[in-house]
Novice: 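Quick one: this structure, given as structure tokens, is what I'll be asking you about.
Computation of the quantities below employed the complete heavy-atom set of this structure, encompassing side-chain atoms and omitting hydrogens, waters and symmetry-equivalent molecules. Quick caveat, the model's predicted, so the values are computed rather than measured. Residue numbering restarts at 1 for every chain, and letters A, B, ... go by the order of the sequence lines.
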Number of protein chains: 2
Amino acid sequence: MSRLEEKTIKTEKIFSGKVISLQIEDVELPNGNTSKREIIKHPGAVAILALTDENKIVMVEQYRKALERTIIEIPAGKLELNEDPKTCAIRELEEETGYSCKELELLISFFTSPGFADEIVHVYLAKGLVKKENAASLDEDEFVHLMEITLEEAERYIREQKIYDAKTAYAVQYLQLQKALK
Amino acid sequence: MSRLEEKTIKTEKIFSGKVISLQIEDVELPNGNTSKREIIKHPGAVAILALTDENKIVMVEQYRKALERTIIEIPAGKLELNEDPKTCAIRELEEETGYSCKELELLISFFTSPGFADEIVHVYLAKGLVKKENAASLDEDEFVHLMEITLEEAERYIREQKIYDAKTAYAVQYLQLQKALK
């Protein structure tokens, strides 16, 4: 099998922000030619499929400026520097929903946009939810509406494109699969 | 319900490349405070879950510079300006795999990274694959290895983190669900 690797010749840093940074890499292609790759660096994130004892899915409705609209998503958040994903999942679940959980299991990790970004999302399943008295609160620029919905409602929101992002679509399909396997 | 919308006060364009562009938006938050949003604009993409008559999944192994490694993905590609997603899916399937298809069905569309990007991926299911004699070829900076694998192999590649991206994880789980529903 021929090699597919692209060797970096030069890296130009364009932008470094609070969430992402952007760099352009000049690369040598497998055939010896050169090309440019536009690359977004992201700290990574967690997402939590949290199920109540009544088997409802905890969702947050959130305005996404990149989309210029609100969508309904499973709770999620960025990893802090050197933060363990599981610790982050516990923190984000509490901040966004006020819940702590007795069980937390990693379902899958995936890169969201491998063509241009290194963002990875670790998707957890949380059960045994307990409402915390003095839960940590959201970041000062975060505003969400909390919802608890059934799988049937989630399926309807997907059809209506109110649920509209990769991690939440994966999480809902995960529940459909578990139901079908029963 | 309180409003969640963030109003743009100012947009600063930072970078415009061949795949993505980056802009910073100063926004007014629901509580009247201001914040900054880092936003990546992307033309959108299609991905194709293509099944052979032997029920094998057509995959491409590809080096992803953002990840500094190869991963195994369902065929995918960016929308050209004003291109219909279905037309794009037919074109990308042919370019990356040499296959045309008799059936093409949209499974789902989702935003990959709503926290910072407007990239949407339209995931299609393709059946009735026919190898084309003079198939359109890859872009000059694209190099892929073509594979045809079983669902069991795909499940193993997910465990081994060789399949490692959102659209492909969704597609494999879709096949698991269809199998469970039978």
Novice: Under 4.5 Å heavy-atom distance to chain B, tell me which part of A:Ile108 shows up: side chain, backbone, both or neither.
Specialist: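 For A:Ile108, the side chain is the part near chain B, not the backbone.
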Novice: Do the side chains of A:Tyr174 and B:Leu107 join up, straight or via other hydrophobic residues, at under 4.5 Å, putting them in one cluster?
Specialist: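 As far as the 4.5 Å side-chain criterion goes, B:Leu107 and A:Tyr174 are connected within one cluster.
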Novice: So, the side chain of A:Lys41 versus the backbone of B:Ala66: is there a donor-acceptor pair under 3.5 Å, distance only?
Specialist: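 No: the side chain of A:Lys41 does not pair with the backbone of B:Ala66.
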Novice: Counting only heavy atoms closer than 4.5 Å, note whether B:Val121 contacts chain A via side chain, backbone, both or neither.
Specialist: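 Nothing of B:Val121, per the 4.5 Å heavy-atom cut-off to chain A.
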Novice: Please report whether the ring centroid of B:Phe111 lies less than 6.0 Å from that of A:Tyr164.
Specialist: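 That pair passes the under 6.0 Å test.
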Novice: Given heavy-atom pairs under 4.5 angstrom as the criterion, report whether the side chain, backbone, both or neither of B:Ser109 touches chain A.
Specialist: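 When you check distances to chain A, atoms from both the backbone and side chain of B:Ser109 fall under 4.5 Å.
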Novice: Which atoms form the tightest heavy-atom contact between B:Gly115 and A:Arg64, and what is the distance?
Specialist: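 Nearest pair, atom of B:Gly115 first, then A:Arg64: CA-NH1, 3.3 Å.
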Novice: Under a 4.5 Å cut-off applied to non-hydrogen side-chain atoms, are B:Thr8 and A:Glu68 in contact?
Specialist: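 Yes, side chains in contact.
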Novice: Below 4.5 Å from any heavy atom of chain A, which atoms of B:Lys7 appear? Answer side chain, backbone, both or neither.
Specialist: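 Backbone only.
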Novice: Taking CD in B:Glu160 as the centre, count heavy atoms belonging to other residues, nucleotides or ligands within less than 6.0 Å. Is the count above 12?
Specialist: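 Yes - once you tally the heavy atoms of other residues, nucleotides and ligands closer than 6.0 Å, there are more than 12.
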Novice: For A:Val27, is it the side chain, the backbone, both, or neither that has a heavy atom closer than 4.5 Å to a heavy atom of chain B?
Specialist: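 Contact with chain B involves the side chain of A:Val27 alone.
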Novice: Report the option among B:Lys36, B:Gln23, B:Gln62 that has the most heavy-atom pairs separated by less than 4.5 Å from atoms of chain A.
Specialist: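 Most heavy-atom pairs within the cutoff with chain A belong to B:Lys36.
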Novice: Applying a strict under-4.5 Å side-chain criterion to I, L, V, M, F, W and Y, I'd like to know whether A:Val58 and A:Ile158 cluster together.
Specialist: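 Different hydrophobic clusters.
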Novice: Are more than 12 heavy atoms from other residues, nucleotides or ligands located less than 6.0 Å from atom NZ of A:Lys13?
Specialist: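 Atom NZ in A:Lys13 is not packed in, count stays at 12 or less.
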Novice: What are the two closest non-hydrogen atoms of B:Phe143 and A:Leu29, and how far apart are they?
Specialist: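 Heavy atoms of B:Phe143 and A:Leu29 come nearest at CE1-CB, 3.8 Å.
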Novice: Taking side chain as everything from C-beta outward and backbone as N, CA, C, O, which of these in B:Glu25 sits under 4.5 Å from a heavy atom of chain A? Side chain, backbone, both or neither.
Specialist: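 For B:Glu25, side-chain heavy atoms alone lie under 4.5 Å from chain A.
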Novice: Do B:Leu146 and B:Val46 share a hydrophobic cluster (ILVMFWY, side-chain heavy atoms under 4.5 Å, transitive)?
Specialist: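 Linked, B:Leu146 and B:Val46 end up in one cluster.
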Novice: Hey, which of B:Glu38, B:Arg37, B:Glu5 is the one that makes side chain to side chain contact (heavy atoms under 4.5 Å, CB included) with A:Lys65?
Specialist: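 Single side chain to side chain contact (heavy atoms under 4.5 Å, CB included) partner of A:Lys65 among B:Glu38, B:Arg37, B:Glu5: B:Arg37.
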Novice: Can you confirm whether the side chains of B:Lys18 and A:Ser35 place a donor and an acceptor under 3.5 Å from each other?
Specialist: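 Judged by distance alone, the side chains do pair up.
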Novice: Do you know which two heavy atoms are closest between A:Leu177 and B:Ala180, and how far apart they sit?
Specialist: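 Closest approach of A:Leu177 to B:Ala180: CD1-CB, 4.0 Å.
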Novice: Pick one of side chain, backbone, both or neither for B:Asp118, based on which atoms fall under 4.5 Å of a heavy atom in chain A.
Specialist: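 Both backbone and side chain.
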Novice: Looking at B:Thr70, B:Leu181, B:Leu22, which makes the most heavy-atom pairs under 4.5 Å with chain A?
Specialist: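 The answer is B:Leu22.
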Novice: Under 4.5 Å between side-chain heavy atoms, hopping through other hydrophobics if needed: is there a path connecting B:Ile20 to A:Ile14?
Specialist: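 Yes, B:Ile20 connects to A:Ile14 through the hydrophobic network.
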Novice: Is the closest side-chain heavy-atom distance between A:Asn33 and B:Asp141 below 4.5 Å?
Specialist: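 The answer is no, as the side chains (C-beta and beyond) never meet within the 4.5 Å cut-off.
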Novice: Measure the shortest side-chain to side-chain distance between A:Ile40 and B:Phe116 over non-hydrogen atoms and say whether it is less than 4.5 angstrom.
Specialist: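 Heavy-atom side-chain distance check passes, below 4.5 Å.
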Novice: Side chains of A:Ile24 and B:Phe15, heavy atoms from C-beta outward: is any pair under 4.5 Å?
Specialist: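 Counting from C-beta outward, A:Ile24 and B:Phe15 do come under 4.5 Å.
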Novice: Could you see if A:Leu93 belongs to whatever hydrophobic cluster contains A:Leu106? Use Ile, Leu, Val, Met, Phe, Trp, Tyr and a side-chain cutoff under 4.5 Å.
Specialist: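 Yes; A:Leu106 is reachable from A:Leu93 via cluster members.
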Novice: Would you compute the distance between atom CG of A:Leu4 and atom CD1 of B:Ile71 and round it to the nearest 0.5 angstrom?
Specialist: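 If we round to the nearest 0.5 Å, A:Leu4:CG and B:Ile71:CD1 are 12.0 Å apart.
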